[in-house]
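Submitted below is the structure of interest, expressed as structure tokens.
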Protein chains: 2
Amino acid sequence: MISIKDIARAADVSHSTVSRALRNSPLVNPETSQRIRTIAQEKGYRVSAVGRSLVNRRTDTIGVVVTSIADPFNAEVVSGIEEIALTHGYSLLLATCHSDPNREMLAVQSFYERRVDGILVSSSRVGSLYRPMLADMKVPIIFINSHHPDEDMFSVTIDNHNAGLQATRHLVQLGHKRIGYLGNQFGLQADTQRFAGYRSALEEVDIGFDPELVVHGNGGPENAKTATARLLALANPPTALFCFNDMSAFGAMCAAREHGLAIPSDLSIVGLDDLLLSSYTEPALTTIRQPKHEMGRLAAGTLFQLLSGNSPERFISMRGELIVRKSTVPPTSSADAVSTNYQKSSARV
Amino acid sequence: MISIKDIARAADVSHSTVSRALRNSPLVNPETSQRIRTIAQEKGYRVSAVGRSLVNRRTDTIGVVVTSIADPFNAEVVSGIEEIALTHGYSLLLATCHSDPNREMLAVQSFYERRVDGILVSSSRVGSLYRPMLADMKVPIIFINSHHPDEDMFSVTIDNHNAGLQATRHLVQLGHKRIGYLGNQFGLQADTQRFAGYRSALEEVDIGFDPELVVHGNGGPENAKTATARLLALANPPTALFCFNDMSAFGAMCAAREHGLAIPSDLSIVGLDDLLLSSYTEPALTTIRQPKHEMGRLAAGTLFQLLSGNSPERFISMRGELIVRKSTVPPTSSADAVSTNYQKSSARV
DNA sequence: GAGATCATTGCACACGTGTTCATAGTAAAA
DNA sequence: TTTTACTATGAACACGTGTGCAATGATCTC
């Protein structure tokens, strides 16, 4: 592994001059500079970022923590982050935590030891615990998809309440009265807020909330499938279903088919995310589009603002957009009838 | 930012002793060691990996280059890599190159400057050009999903020829005679080999190869859709289609539906990858399963073998597994008849 | 009691780079 | 010719950590 000292020796100058020459410093004679660069090229020299980082006190590296990179949502977010990082000449350290708060902390600690210039965390589960940690480590940190109203906290999210509202309103406006909610793991902030939006939409039109119609998966299709199966086995099953995300919606569609139901005629389904594949399923999925790539870009942008001494917006909240495709239709009369009957006899909660 | 010198001062010892104490060296008195560790904890000290890397001449970091992290195949591979890296205490630097050979080189150069301990490249497009580069930089590099028979090259792939063979044989055995191939971008190694497998399967049963039935997308659903549309507009369209990957297959299914064809009765489709969502589509996709996660694990494992001085297997080739689901059935008699007619009049290539 | 062994610690250097300051040489100004 | 300004370069230190070697003091052996 060759260093500037090696080419200094070869060019018969001091390593200081080499350092300057390779960074195009105007302080060094153009001819010597050229000579040094030629030698460096011949020897295949490449500057050591670790040596440079030590003196510059920056690594040109940012750390990204996600629950799982195999989750298309996170993949898109990371893609947006990487795009912006590249334009700033930064590299990305990636770690996954699989929704384990402990692993999330370990990942952040590891990033800190590596002296990243900033950290991005998607779907954090330990947001509040960062306060003491951040006191020690003076590293800017941006949250994506989770929001923590403390000072010195930055975040980029979509308005989850509004997303739940839009999705459920769409079903309500189609005439559905018996609308289920398929959530994510209990305690996840985004889940709580989307669920709240769902309830708000029901309240707007005085549809009673039935806790029987709420089930929870884990954001993946398999658990969504079993959760949906429970829902469909009810004496009075829903005619429409709002799913926490598109992956869950796919699982729900699968469960419905296996239960002998046709989509959308027997069960309308709304997802949330608008994944690349969501428009290619049969039927194409009605969903709330989340600007995943843009969220990644904005989060990274916020970080770089911070790094360059500016004061970016503290909390960025984006709007999801309802994309109506083929998985939602008005309820069939028979289902509607059942639903109406049930309304009469069910207690309002 | 506090260093060992700061706690050395606080504990009234030399920084050497601090360094030893924090690394649990038996050379230091247990009591002083404990005292030092307590002070370090109080001050929230965390070792600087950059300082340590400089002297240890290793960064405990590996670099991963993929075409796009939003591609589920790559996401799964990276997931497998990360899993193994974690068990070795390594971190992951991630870069995307979007199939641009130039960006691929830049990413590798950037990794080298950061002095990663090893590099993994998925679906490389510049394999041969690595020879001169590797001569300079003494960094182990492993290829995933592309194979380069030079010495000093390591790779993990599936047997693409066999995968194409299996997929096409499956369609042949169902009775199809007019089988299309929907490939990836021209020149990609995996595409060439899968296509060769496709042709071998046709030759086995003396089905003539018709170049009209071969189209190319770019591995994504949108281009696959338009490419498939061209195929279906033929005077004598295929009754079955082997797609380069599942993403392409989804696009093909979409195109078929828009063309008024039912799947699988009017058009059988085989994909390749077996993505998480491939079993949740309607109909569920018949495909060749690629052990993506395992490939990532094996590639990372090979790298760590290399790093620990062992001599791992140079070329690991895995077998894809045919997963028969619902998107493939024997051709309907009418389609079969057309196909047979065509056979008679078409020239063998 | 003298010498030997051992435990504990500090000094000094190394890793690769950047930067301040001083110095030597050169050209311009007086 | 002398003074001044400027150009080009090197010496020295810094960044944070690890380690070989020497030194100190204590304990043990004979």
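Note: hydrogens, waters and symmetry copies are ignored here, and every other heavy atom, side chains too, is used.
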Among side-chain atoms of B:Arg114 and B:Thr61, is any donor-acceptor pair under 3.5 angstrom? no

Drop me the distance from B:Arg46's CZ to B:Leu22's CG, to the nearest 0.5 angstrom.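 Taking CZ in B:Arg46 and CG in B:Leu22, the distance rounds to 10.0 Å.
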
Rounded to whole Å, how long is the line connecting atom CD1 of B:Ile7 with atom P of C:dG10? 13 Å

In whole Å, what is the span from the CZ atom of B:Arg58 to the C1' atom of D:dG18?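 Computing the B:Arg58:CZ to D:dG18:C1' distance gives 13 Å.
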
With no hydrogens and no angle check, just 3.5 Å: does a side-chain donor-acceptor pair link A:Ser123 and A:Asn145?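 The criterion, which ignores hydrogens and geometry beyond distance, is satisfied for A:Asn145 and A:Ser123.
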
Plane angle bin for B:His88 and B:Phe304 - parallel if under 30°, tilted between 30 and 60°, otherwise perpendicular: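 If you compare the ring of B:Phe304 with that of B:His88, the planes turn out parallel.
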
Produce the list of close N/O pairs, under 3.5 Å, pairing protein atoms with atoms of nucleotides 13-15 of chain D; give distances to one decimal.
residue: D:dC15; atom: O3'; partner: A:Arg57; partner atom: NH1; Å: 3.0

Between A:Ser16 and A:Ser19, does the side chain to side chain donor-acceptor pair (under 3.5 Å) criterion hold? Intermediate values first, please. CA-CA 5 Å; A:Ser16 312; A:Ser19 172; over 6 Å; no

Over how many whole Å does the gap from A:Asn29 atom CG to D:dG10 atom C1' extend? 15 Å

With nearest nucleotides of DNA chain D determined for A:Pro30 and B:Thr17 from heavy-atom distances, which residue corresponds to the more 5′ nucleotide? A:Pro30

Among D:dG10, D:dG18, D:dT17, which nucleotide has an atom closest to any side-chain atom of B:Ser19?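 The closest nucleotide is D:dG18.
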
Side chains of B:Gln193 and B:His147: do they bring a donor and an acceptor to under 3.5 Å?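 No, B:His147 and B:Gln193 have no side-chain donor paired with an acceptor closer than 3.5 Å.
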
Classify A:Val50 by what it touches in the nucleic acid, base, sugar-phosphate, or nothing, heavy-atom distance under 4.0 Å.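 Result for A:Val50 = nothing.
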
Could you tell me how far apart B:Leu27 (CG) and C:dC11 (P) are, to the nearest whole angstrom? 17 Å

Between B:Arg115 (CZ) and D:dT17 (P), how many Å, whole number?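 Value for this atom pair: 20 Å.
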
Within the structure, does a side-chain N or O atom of A:Asn56 lie under 4.0 Å from either OP1 or OP2 of C:dG18?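 Looking at the OP1 and OP2 atoms of C:dG18, neither is under 4.0 Å from any side-chain N or O of A:Asn56.
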
For A:Ile36 and D:dA8, give me the distance from atom CD1 to atom P, rounded to whole Å. 13 Å

Rounded to the Å, how far apart are B:Asp12 CG and C:dT8 P? 18 Å

Check whether any side-chain N or O of A:Arg52 sits under 4.0 Å from OP1 or OP2 of C:dG16, and answer yes or no. no

For atom CG of B:Asn310, is the number of surrounding heavy atoms from other residues, nucleotides or ligands below 6.0 Å larger than 12?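 Result for CG/B:Asn310: enclosed.
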
Quick one about A:Arg37 and A:Ser33 (side-chain donor to acceptor, distance below 3.5 Å, no hydrogens or angles considered), yes or no? yes

So, do B:Tyr130 and B:His148 sit near enough that their side-chain heavy atoms are less than 4.5 Å apart? no

Produce a footprint string for nucleotides 20-28 of chain D: one letter per nucleotide, 5' end first; B if the base is under 4.0 Å from any protein heavy atom, S if only the sugar-phosphate is, - if neither. B--------

Could you work out how much the helix from C:dG1-D:dC30 to C:dA30-D:dT1 bends, comparing the axis of its first five pairs with that of its last five, to 10°? 60°

Distance in angstrom units between B:Asn24 CG and D:dT17 P, rounded: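 Rounded to whole Å, this separation is 16 Å.
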
B:Thr32 near the nucleic acid: base, sugar-phosphate alone, or nothing, with a heavy-atom cut-off under 4.0 Å?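 Sugar-phosphate only.
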
Please tell me if A:Ser14 has a side-chain N or O lying less than 4.0 Å from either OP1 or OP2 of D:dA11. no

